[in-house]
Amino acid sequence: MSAAAENGAPGEVAAPEPSYDARAVEARRQRDWRERDAFATPPPDPDRPDAYVKAVCPFTSGHIHVGHVRSYTIADAYARWRRMSGDAVLFSIGFDAFGLPAELAAIANKESPADWVQRSYEHMLRQFERMGFSFDWERVFVSSDEEQYRWSQWLFLAFLDAGLLYQEEATVDWCDSCQTTLASLQVEDGRCWRCNGPARLIKRKQWFLRISAYLEQNERGIEDHAGKWDRPALTAQRAILGRVDGVEIDLHGADGALTCFTEHPDAIGQARFVLVSPRHPELERLLGDRPGVLAELEEVRQGGWQRGDRSAESVPAIDSGVRLTAPNGAELPLVISPAVDGRYGPTAVLGIPAADESDGVIARRLDLPRPEPTAPTSNGKAPRPAVRYRAGDFAISRQRSWGAPIPIVHCDDCGEVPVRKEDLPVRLPRDLKPTGEGNPLAAREDFMATTCPRCGADARRETDTLDCHFDDLWMWLPTCVPKADRDRQMFDHPECERWLPGAMLIHGADGGGYFFDQRITAKALRDIGPLAHLTDGEQFTGAVMHEMVTQDGRKMSKHLGNVVDPDDLMERVGADTTRLAVLHGARPSRALNWTENAVQYCAKFLSDLWAYAAERLPGPDPHEAAAAPDPDGAPQRRERLEGWVATAAAKVTEDLERVEMQRAVKNAMRLFDRIEEFETKSRRANRGDLA
RNA sequence: GCCCGGGUAGCCGAAUUGGUCCAGGCAGCGCGCUUAAAACGCGUGACCCCUCGGGGUGUGCGGGUUCGAAUCCCGUCCCGGGCACCA
């Protein structure tokens with residue numbers, strides 16, 4: 001297309017380009033969208049149903065990858081289809097900007113994480129626009145913005161009021177010479193990534209989120225959405241919940257009873273020991289005065305074993321010396337092992353080698369005696385049905401400077417005092433420049449100095465920040481609220497009621513864990529008050545969790561050197577070919593194995609389609625043109641063509657509704673084949689008539 | 001180790017709820033067009049047997065349920081992903 005035509009005045013009819021020039025076509029369309037603000041969230045309209053389509057919130061890594069391209073292409077196709085169906089669509093995006101990688105990048109670049117994040121997301125937004133995604137750019141948010149993280153802090157305080165937060169000791173890696181906590185990523189072979197000094201585990205008091213309070217409700221939500229969420233989404237939610245059905249019985253020992261679970265009710269009589277989590281709340285009571293065992297327990301709780309493998313052969317297992325009496329009179333040794341946590345949560349279970357292989361391994365390793373059943377005990381009650389969930393509470397506080405400060409103040413007289421909600425946000429200094437040494441927040445007097453919300457005396461701020469997983473807990477909500485209102489109203493904004501529950505969540509399969517915790521957050525917010533209208537506590541009626549993008553059977557990663565660069569694709573074949581290729585390549589529920597082959601195939605399809613349309617349609621925009629000229633085909637062929645068109649439209653519509661984008665693409669391609677075939681046959685028939 | 005997926009032609013994959021396995025694409029091969037090549041178009045396209053009409057075997061492997069299994073069940077092998085202060 002010539003520059004003159006490209007810049008032609010409105011209304012001027014441009015000649016169709018003879019060949020498909022993706023760059024020119026896309027530039028023209030994207031400029032038009034921008035000028036018309038085509039994807040702005042529409043105001044409420046009683047005649048148009050509202051549909052909120054939620055895509056994943058990417059981390060501000062600085063560059064989009066093919067996984068993003070797949071996810072947003074699926075979501076974008078769905079959002080566009082809903083718009084074309086007449087719905088008022090909310091489709092935007094937010095960035096997950098707090099977290100360790102931003103901090104590490106800032107250290108490497110000797111700049112503030114805030115600057116790095118801003119540069120990163122601005123570049124990613126340009127890439128998204130170049131890809132042609134139909135986001136409402138006005139509603140974009142960044143989790144590290146003050147108007148955003150103030151609400152993470154608000155949520156912390158609301159959870160605290162609701163009894164959903166508690167403090168508990170946990171272990172973290174610590175480097176003595178850098179005087180800082182180390183993430184797992186920063187520990188290499190037990191040494192600090194920065195100074196190569198030894199890393200050691202220390203205890204820290206951490207805030208934990210009590211998701212266990214909502215597990216049963218989450219389970220009900222999963223079952224209620226069978227048929228509404230796609231299969232991968234459902235199975236992922238079930239897997240994360242980790243429900244195990246079985247029975248529980250009470251065993252008795254010198255220091256009281258212990259309720260034990262087993263998923264093998266038929267094999268209770270063959271139990272040879274009791275396996276108990278190091279985190280079991282009643283463990284100290286049962287152990288009584290056994291200094292040696294308590295010391296060993298302490299070591300296990302320090303958690304060093306987690307760095308190694310988790311097989312039954314190597315997982316720690318301590319024979320406590322305590323004996324508990326089973327209903328059949330057998331004396332069962334009490335074994336402490338974290339092996340139970342990963343399967344049943346922090347509970348106690350029967351060890352039954354006859355029914356469970358790893359139980360057999362542990363019995364052999366500890367050389368446990370085979371207990372002899374005696375007469376059934378009189379106090380043995382019958383086993384009762386019971387359920388355990390693997391999902392459990394998790395720590396949400398981090399000893400890092402690039403995060404939302406935890407809104408707690410330390411007062412000499414009052415102790416730990418929550419900041420008042422009306423005093424939020426607790427501002428994170430934007431000009432922090434972490435070095436990897438010490439705690440940058442603790443060194444900032446302008447941040448640390450404050451007064452006690454309770455007594456007004458001088459006080460110090462908490463230096464721990466919220467883990468970015470905490471920011472994620474409510475990332476499904478901010479785009480519901482117009483940007484201009486976000487600094488004063490969020491969870492109880494009227495538009496939350498307009499858009500929630502959302503029509504569709506489209507996310508990578510790796511996001512199942514987030515979705516699980518987010519669903520618990522929705523239920524908590526319903527109970528706390530602002531989202532009371534979500535009666536079942538579920539924020540999305542539809543959910544699709546697509547699989548990842550692979551190459552050569554492996555997940556794409558820099559480490560494996562098998563990444564595909566979206567910028568390169570946009571340069572070479574254009575955004576539309578790239579988008580068509582990711583939709584066409586595999587259905588969402590399957591891994592997409594990337595091949596250049598598929599890209600070339602899609603490029604050819606678009607090129608053929610363009611050439612076909614250019615020959616027949618007057619303008620560069622096919623949908624603005626009149627219907628194709630009536631070919632002189634026989635009436636019965638024309639009828640068949642009409643049948644194909646109707647069938648294709650019905651099928652594609654159904655496919656789009658079910659987010660089966662691969663099928664939609666294939667049905668559209670098939671229709672094009674049919675139309676070409678129709679014309680070929682018509683031409684042949686006409687030649688025959690003339691002859 | 002535990003949890004979740006997957007294994008269909010030389011390659012990518014259709015067949016999603018049990019109903020004619022392998023649509024479509026790519027590579028290959030043949031033909032057409034061409035001085036030639038590329039591009040393009042048409043055809044062919046699992047394996048074995050064959051009297052050339054067809055017959056048989058084929059969805060990692062072994063069993064099972066069923067009138068009927070890629071699909072459901074049991075076992076087994078292989079591959080991938082997830083279980084952390086990475087997001």
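In what follows, chains carry the letters A, B, and so on, assigned in the order in which the sequence lines appear, proteins first and then strands, with residues in each chain numbered from 1. Hydrogens, waters and symmetry mates play no part in the numbers below; they use all other heavy atoms, side chains included.
- B:U8 and B:C4 are spaced 22 Å apart, taking the P atom of each and rounding to whole Å.
- For A:Tyr389 and A:Tyr344, the distance between ring centers is not under 6.0 angstrom.
- Contact annotation for A:Arg587: backbone-only contact, meaning every heavy-atom pair under 4.0 Å involves sugar-phosphate atoms and none involves a base.
- Using a 4.0 Å heavy-atom distance criterion, A:Gln206 is classed as a base contact.
- Counted within 6.0 Å of CZ on A:Arg572, heavy atoms from surrounding residues, nucleotides or ligands total more than 12; the atom is thus considered enclosed.
- A:Glu660 comes within 4.0 angstrom of a nucleotide base, judged by non-hydrogen atoms across all strands.
- In this structure, B:C2 and B:G82 make a Watson-Crick or G-U wobble pair, each of the two defining distances being under 3.5 angstrom.
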Audit row: A:Arg400, A:Asp467, salt bridge (Lys or Arg N to Asp or Glu O under 4.0 Å) steps and yes/no:
CA-CA 9 Å; A:Arg400 316 221 151 269; A:Asp467 177 24; over 6 Å; no

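- Between A:Phe470 and A:Trp207, a ring centre-to-centre spacing not shorter than 6.0 Å is recorded.
- Under 4.0 angstrom from either OP1 or OP2 of B:A15 there lies no side-chain N or O belonging to A:Arg590.
- Note on A:Asp96: only backbone sugar-phosphate atoms sit closer than 4.0 angstrom, heavy atoms only; bases stay farther off.
- Note on A:Ala598: nothing from the nucleic acid sits closer than 4.0 angstrom, heavy atoms only.
- Using a 4.0 Å heavy-atom cutoff across all strands shown, A:His469 reaches at least one base atom of the nucleic acid.
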